[in-house]
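Report on the following structure.
Small disclaimer: the values here were computed from a predicted structure and weren't measured.
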Amino acid sequence: MQLTYNTQNYSGAGYTEIRDSGLTRFGRQVVDEMGRLGIVVDLSHVGPVTSEDVIEYASKPPCFGHVLPGGLHEHPRNKSNYLLRLIGKKGGFVGISQFGPHMARGNESTIDDYVTAVDFVIDLIGEDLVGVGSDANKGYARRLTPWGSQTAVKPLGPLKERPELAKAMARAGWSKSKMQKVLGENWLDYLERIIGE
C-alpha cells in the first residue's frame, strides 16, 4: 500500500509537495498497523523526508515498489542514492520502474538502458534486494495522464514481452542466478518476510 500518493495526506508528504513534513504521528500509527497486519509499506510516491522517517521507524522494512535511481537521472520522483542505500541497509526492497520519462534518455530509453538502471541500484544495495517494478500502463482501457499510453520503456509494457528483458540481461553478461533473483525470486523473498511472518 502506498503511504502517500504524490501529495500530502494525514500520514506524511508525497514527492510533489513544496515542503516535506515528514512522517506524522498518525503516519506512525498507520505504519505500525501495516506492520502488524503484514502489509507492505510502499514509498514510491512519498517525499524524501517522509521516506527516510518511515525507513528508520518501521518495524518491517518498507519498499520502493517502482522507482528509478536519481543517480542516473535527477527527477523529484526518482530516489537518491542515499535513500536507496538506506532502504537496502534496513533490508527493504527496490523495484525498478520502467517509466520512460523518469529515465536519463526519457522515452528514447531502451530495454538495455533499463538493465543499466537495475545494475546501478544493484551496485548500491546488492542483487538480493532489487527486482522489476513496473509502473507501466497495465490496463487496456484506462490511460495514465498526462503521459498517455507511451509510458513504458519498450518493449517492457505487456507481460507477454517480458522474455525480452531476460535477453537484455543476458546481453549485459548477467548470470542465470542474478537473472532469476531480479526477475522474481527477490520479490517473493521480500514479500515472504513482510507478509509471511
Side-chain angles (χ1 to χ4, degrees), residues 1-2 34-35 38-45 51 54-55 58-73 77-105 107-139 151-197:
M1 184 176 88
Q2 295 276 344
M34 290 175 73
I39 299 172
V40 172
V41 181
D42 189 344
L43 304 174
S44 296
H45 290 258
S51 292
V54 175
I55 295 167
S59 61
K60 292 184 178 179
C63 78
F64 294 129
H66 50 291
V67 300
L68 283 158
L72 286 181
H73 180 63
R77 174 72 167 74
N78 293 349
K79 301 303 178 183
S80 68
N81 289 356
Y82 171 76
L83 285 176
L84 292 169
R85 287 190 182 106
L86 183 63
I87 207 166
K89 179 181 175 185
K90 296 290 185 173
F93 189 84
V94 180
I96 308 303
S97 168
Q98 299 144 23
F99 193 59
H102 294 164
M103 295 187 74
R105 298 196 310 124
N107 279 329
E108 300 302 312
S109 299
T110 67
I111 194 168
D112 297 298
D113 294 323
Y114 178 77
V115 172
T116 296
V118 177
D119 258 332
F120 183 89
V121 178
I122 286 173
D123 286 344
L124 293 175
I125 67 173
E127 67 181 50
D128 294 331
L129 300 175
V130 179
V132 176
S134 181
D135 213 12
N137 184 357
K138 297 168 281 298
T151 58
V153 173
K154 304 304 178 191
L156 290 176
L159 286 175
K160 67 182 180 182
E161 298 174 348
R162 196 52 51 91
E164 296 302 317
L165 180 53
K167 293 176 186 176
M169 291 171 168
R171 282 195 300 273
W174 286 29
S175 68
K176 180 179 178 181
S177 172
K178 180 178 176 181
M179 291 168 63
Q180 288 174 326
K181 287 179 181 181
V182 173
L183 287 171
E185 288 178 359
N186 287 344
W187 262 119
L188 293 174
D189 290 345
Y190 171 70
L191 292 173
E192 178 64 27
R193 285 191 284 123
I194 306 304
I195 299 169
E197 293 179 0

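Atoms CG and CG, from Leu86 and Asn81 in turn, are 12.5 Å apart once rounded to the nearest 0.5 Å. Of the inter-residue distances, the one linking Met103 atom CE with Tyr114 atom OH reads 8.0 Å to the nearest 0.5 angstrom. Going from atom NE2 of His73 over to atom OG of Ser109 covers 8.5 Å, rounded to the nearest 0.5 Å. A distance of 9.0 Å separates OH in Tyr190 from CD1 in Ile195, rounded to the nearest 0.5 Å. In this structure, CE on Met34 lies 8.5 Å from CG on Asp42, to the nearest 0.5 angstrom. The CG atom of Asp128 sits 9.0 Å away from the CD1 atom of Ile122 when rounded to the nearest 0.5 Å.
When atom types are taken as modelled, the side chain of Lys90 and the backbone of Ala58 share no donor-acceptor pair closer than 3.5 angstrom. Judged by distance alone, the side chain of Arg105 and the main-chain N or O of Asp113 form no donor-acceptor pair under 3.5 Å. A donor-acceptor pair is defined here as one N or O able to donate and one able to accept, closer than 3.5 Å; such a pair exists between the side chain of Lys60 and the backbone of Gly35. Without hydrogens or angle criteria, Asp119 side chain to Thr116 main chain gives no donor-acceptor distance under 3.5 Å.
A heavy-atom distance below 4.5 Å is found between the side chains of Ile55 and Pro62. Counting only heavy atoms from C-beta outward, the side chains of Leu68 and Val121 never approach each other to under 4.5 Å. Looking only at side-chain heavy atoms (C-beta outward), Gln98 and Val132 come within less than 4.5 Å of each other. The shortest side-chain heavy-atom distance between Trp174 and Val118 falls under the 4.5 Å cut-off. For the pair Val130 and Ile125, the minimum side-chain heavy-atom distance is below 4.5 Å. Looking at heavy atoms from C-beta onward, Asn78 lies out of side-chain contact with Val67 at the 4.5 angstrom threshold. Looking at heavy atoms from C-beta onward, Ser44 lies out of side-chain contact with Lys79 at the 4.5 angstrom threshold. When side chains are defined from C-beta on, His66 counts as touching His45, because their heavy atoms get closer than 4.5 Å.
The shortest heavy-atom contact between Ala166 and Leu183 is CB-CD1, 4.1 Å. Looking at every heavy atom in both residues, Arg193 comes nearest to Leu129 through NH2-CD2, 3.8 Å. Heavy-atom minimum distance, Val115 versus Ala168: CG2-CB, 3.7 Å. Of all heavy-atom pairs spanning Pro69 and Ala117, the tightest one is CG-O, 4.2 Å.
Of the residues listed (Lys181, Lys178, Gln180), the one engaging Asn186 in a side-chain contact (heavy atoms from CB on, under 4.5 Å) is Lys181, and it is the only one.
Using cut-offs of 30° and 60° for the angle between ring planes, the Trp187 and Phe93 rings count as tilted.
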side-chain contact (heavy atoms from CB on, under 4.5 Å) evaluation trace for Ile111 with Glu161: CA-CA 11 Å; Ile111 194 168; Glu161 298 174 348; over 6 Å; no

